[in-house]
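Note that the coordinates shown come from a computational prediction; the quantities given were computed from them, not determined experimentally. Within every chain, numbering begins at 1; the chains are lettered A, B, ... in the order of the sequence lines, protein sequences first and strands thereafter.
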There are 2 protein chains.
Amino acid sequence: MGRPKQFDPDVAVERAMGVFWRKGYAATTPQDLVDEIGIGKGSLYNAFGSKHALFELALARYRDSQAAWLEALLDHPGSARDRLRGALEALVALDLGDPDRRGCMAVNTAAESAPSDTGTADTVRMMFARTESAFRATVEAGQRAGEIDGGRDAAAVAAWLLATVIGMRVLAKTDRDGTQLRRVVDAAMGAL
Amino acid sequence: MGRPKQFDPDVAVERAMGVFWRKGYAATTPQDLVDEIGIGKGSLYNAFGSKHALFELALARYRDSQAAWLEALLDHPGSARDRLRGALEALVALDLGDPDRRGCMAVNTAAESAPSDTGTADTVRMMFARTESAFRATVEAGQRAGEIDGGRDAAAVAAWLLATVIGMRVLAKTDRDGTQLRRVVDAAMGAL
DNA sequence: CTTGTTTTGTACCTGTGATTCAAAAACATT
DNA sequence: AATGTTTTTGAATCACAGGTACAAAACAAG
């Protein structure tokens, strides 16, 4: 059945994800990719077809891992408010801990490519929808537990939390010391 | 004093702003720019030096016009809450009214270029700071008027409003019918 | 009307982006 | 060992990005 691959495509997608994440789609060159992945151009195009196809794989992988990460965080034991605060603080720590300050790959992609690239826009929308759903479930749990005002529209609160998080992840790219981000978390939790 | 320019540099910067705004920095070519501005390449490079220099001018123009627009909105008569809601709704209308769904050029730039391009990152930070200041002044006015809880940290609330707006402008690029955006406004005002 | 200055249009150039191709290499099957 | 299939390597391709060079053109000053 032919010569076996000398590299793991999953690893290659993951490395590609790192490059696209840091540099953005348009600014990433095939040379950047082969340098990072450690394979030849022929192998890359044989395996993935095009830069854009590889990007879609990388973005889908980002979406899945990121969404799972957030969902796991919100699924922790504890009160709904604590879980929400914990998730926001974890996001702040994640963004501030990244020496490259890449922010969120989905947000970056939305800003760079949507709506002209409908394929990636769909993937981004999908991730936003998953995030919003996770927030909504937590908010509704908080309402049932009496921690959050039941009169509020949970769907609207979830959309607002999503917007807050997206904004934070953009701010993470320009905020140097993180005070701005921490303020956002405090004010958001105070407003909840 | 030499041959006079056959084009208005201000108009040229404004048109360049439109192209960069729609396509992003990396994806915009000098050819795109001369096509849109309607001048030759020689004139473009003679007048502006480089693609990047022109981008900085375009971004600075965006920052000034956008910040002034928001400040004027928040400076309207009426209660602080009404002014805040009015500003958010105006932003929603602005974003949904754009057939290209370009969102906010500063946000797009932050996502695409910060923090690797420190020059543009500074311009973006400057615009964020102006926006945050305008929000803060409005929030403080609301606190003095008793419309907003005086116990809240106005700076934190302003940062949180900034994050909310940034998030909305990213969502504007993927949200098709605008229901998501309107929900964000409702929930944010309800939480204030 | 000459001179000096600045702009303009066109041609040009170098590098690289994205992709393809040919041929050799590494397997499985028979 | 011969064959068929798939991958790898590395060169080659082709267009275009980003910018430069230069001569002609359009002005002001004297």
Checklist entry - OP1 or OP2 of C:dT20 less than 4.0 angstrom from a side-chain nitrogen or oxygen of A:Tyr45, does that happen here? => result no
In this structure, how many angstroms lie between the [atom2] atom of [N] and the [atom1] atom of [X], rounded?
{"X": "B:Leu33", "N": "D:dA17", "atom1": "CG", "atom2": "C1'", "result": "12 Å"}
{"X": "B:Ile39", "N": "D:dA25", "atom1": "CD1", "atom2": "P", "result": "20 Å"}
{"X": "B:Asp35", "N": "D:dG18", "atom1": "CG", "atom2": "P", "result": "13 Å"}
{"X": "A:Leu54", "N": "C:dT19", "atom1": "CG", "atom2": "P", "result": "11 Å"}
{"X": "B:Tyr25", "N": "D:dA17", "atom1": "OH", "atom2": "P", "result": "13 Å"}
{"X": "B:Phe55", "N": "D:dG18", "atom1": "CZ", "atom2": "P", "result": "13 Å"}
{"X": "A:Lys5", "N": "C:dA25", "atom1": "NZ", "atom2": "C1'", "result": "15 Å"}
{"X": "A:Leu44", "N": "C:dG17", "atom1": "CG", "atom2": "P", "result": "14 Å"}

Checklist entry - Relative to the 5' end of DNA chain D, which residue comes earlier, B:Pro4 or B:Gly49, by the nucleotide with the nearest heavy atom? => result B:Gly49
Choose from [options] the nucleotide whose nearest atom is closest to any side-chain atom of [X].
{"X": "B:Gln6", "options": "D:dT8, C:dT8, C:dA18", "value": "C:dT8"}
{"X": "A:Met1", "options": "D:dA17, C:dT19, C:dA28", "value": "C:dA28"}
{"X": "B:Ser43", "options": "C:dG9, D:dT8, D:dG18", "value": "C:dG9"}
{"X": "A:Gln31", "options": "D:dG19, C:dG17, C:dT8", "value": "C:dG17"}

Next on the checklist: Here's a test of your reading of the structure: between B:Asn46 and B:Gly42, which maps to the more 5' nucleotide of DNA chain C?
Outcome noted: B:Asn46
Checklist entry - So, B:His76 versus B:Asp82: side-chain donor-acceptor pair below 3.5 Å or not? => result no
Next on the checklist: Let's test your reading of the model: under 3.5 Å, does the base of D:dG19 pair with the side chain of B:Lys41 as donor and acceptor?
Outcome noted: yes
Next on the checklist: So for A:Arg3 and D:dT6, does any side-chain atom that can act as donor or acceptor lie under 3.5 Å from a complementary atom in the base?
Outcome noted: no
Next on the checklist: For A:Met127, run the side-chain contact (heavy atoms from CB on, under 4.5 Å) check against A:Thr123, A:Val124, A:Thr131 and tell me which one passes.
Outcome noted: A:Thr131
Item to check | Smallest separation among heavy atoms of A:Ala114 and B:Thr174, with atom names | outcome: CB-CG2, 4.2 Å
Next on the checklist: Going by ring-ring contact (aromatic ring centres under 6.0 Å, His included), A:Phe55 matches just one of A:Tyr25, A:Trp21, A:Tyr62, A:Phe48. Which one?
Outcome noted: A:Tyr25
By the 4.0 Å heavy-atom rule, please label [X] as base, sugar-phosphate, or nothing.
{"X": "B:Gly40", "answer": "sugar-phosphate"}
{"X": "B:Thr29", "answer": "sugar-phosphate"}
{"X": "B:Phe48", "answer": "nothing"}

Next on the checklist: In the structure I gave you, are the side-chain heavy atoms of A:Glu112 and B:Asn108 within less than 4.5 Å of one another anywhere?
Outcome noted: no
